[in-house]
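Take a look at the structure below.
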Amino acid sequence: MKDNKSNNDVCEITVIHEDVVDKVKKLMPEEEKLYDLAELFKIFGDTTRIKILCALFKSEMCVCDIAATLGMNQSAVSHQLRILKQSKLVKCRKEGKVVYYSLADDHVIKIFDQGFSHIEE
């Protein structure tokens with residue numbers, strides 16, 4: 001099996017460009033922020049959560065409605081909604097005995113729009 005890696009992908013000499021390294025190090029976000037960002041992207045790494053978020057783009061919904069829309073059981077949907085709520089991607093409000101879920105803010109839509117643009121290139 002032939003290696004698809006091109007020789008152009010690897011430096012032929014070992015040289016550290018100190019000015020570039022120093023500049024980039026100074027511009028890098030704090031380690032904690034990078035960790036938080038990685039955790040956010042992990043949330044988007046689950047198809048069920050992606051489907052729930054897409055459903056909530058269209059309308060505020062209760063667990064029963066989300067479960068019916070996605071063909072899932074309510075327990076599984078509730079579990080994923082808990083994760084999305086802890087991640088501050090969705091919020092909820094209670095009306096009588098019914099809890100309605102919606103997107104926490106427009107950032108989620110922007111992230112999806114960027115992701116769709118990227119995969120459609």
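These numbers come from the heavy atoms of this one structure, side chains and all, not from hydrogens, waters or symmetry mates. Please read these numbers as outputs of a predicted model, since none were measured by experiment.
Residues Y101 and L56 approach most closely at O-CD2, 3.4 Å, considering heavy atoms. Here the closest heavy-atom approach between residue Q80 and residue D46 is recorded as OE1-OD1, 4.0 Å. M61 and T69 make their closest contact through CE-OG1, 3.1 Å (heavy atoms, listed as atom of the first residue, atom of the second, distance).
Between the CD1 atom in I66 and the NZ atom in K51 there is a gap of 13.5 Å [rounded to 0.5 Å]. In this structure, NZ on K85 lies 11.5 Å from OG on S78, to the nearest 0.5 angstrom. One finds the CD1 atom of I52 at 11.5 Å from the CG atom of L103 (value rounded to the nearest 0.5 Å). To the nearest 0.5 Å, atoms CD1 (I109) and CD (Q114) are separated by 13.0 Å. Rounded to the nearest 0.5 Å, atoms CG (N73) and SG (C64) are 11.5 Å apart. Atoms CD1 and CD, from I43 and Q86 in turn, are 8.5 Å apart once rounded to the nearest 0.5 Å.
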Tabulate below the donor-acceptor pairs under 3.5 Å that side-chain atoms of residues 14-29 make, not counting sequence neighbours, or state none.
none

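Under a hydrophobic clustering in which Ile, Leu, Val, Met, Phe, Trp and Tyr are joined whenever their side-chain heavy atoms come within less than 4.5 Å, directly or via other members, I50 and F57 fall into the same cluster.
Atom CD of E39 has more than 12 heavy atoms from other residues, nucleotides or ligands within 6.0 Å. Within a 6.0 Å radius of OH in Y35, other residues, nucleotides and ligands contribute 12 heavy atoms or fewer.
For E120, the salt bridge (Lys or Arg N to Asp or Glu O under 4.0 Å) test picks out no residue, with sequence neighbours left out.
Inter-residue side-chain proximity for E60 and R93 is flagged as met; some heavy-atom pair is nearer than 4.5 Å. Counting only heavy atoms from C-beta outward, the side chains of I83 and L89 never approach each other to under 4.5 Å.
Annotation for V98: hydrophobic cluster partners, listed by chain and number, are Y100 (ILVMFWY side-chain heavy atoms under 4.5 Å, direct or chained).
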Practice task
List the steps and the verdict of side-chain contact (heavy atoms from CB on, under 4.5 Å) for L53 and V90.
Solution key: CA-CA 8 Å; L53 290 170; V90 301; 3.8 Å; yes
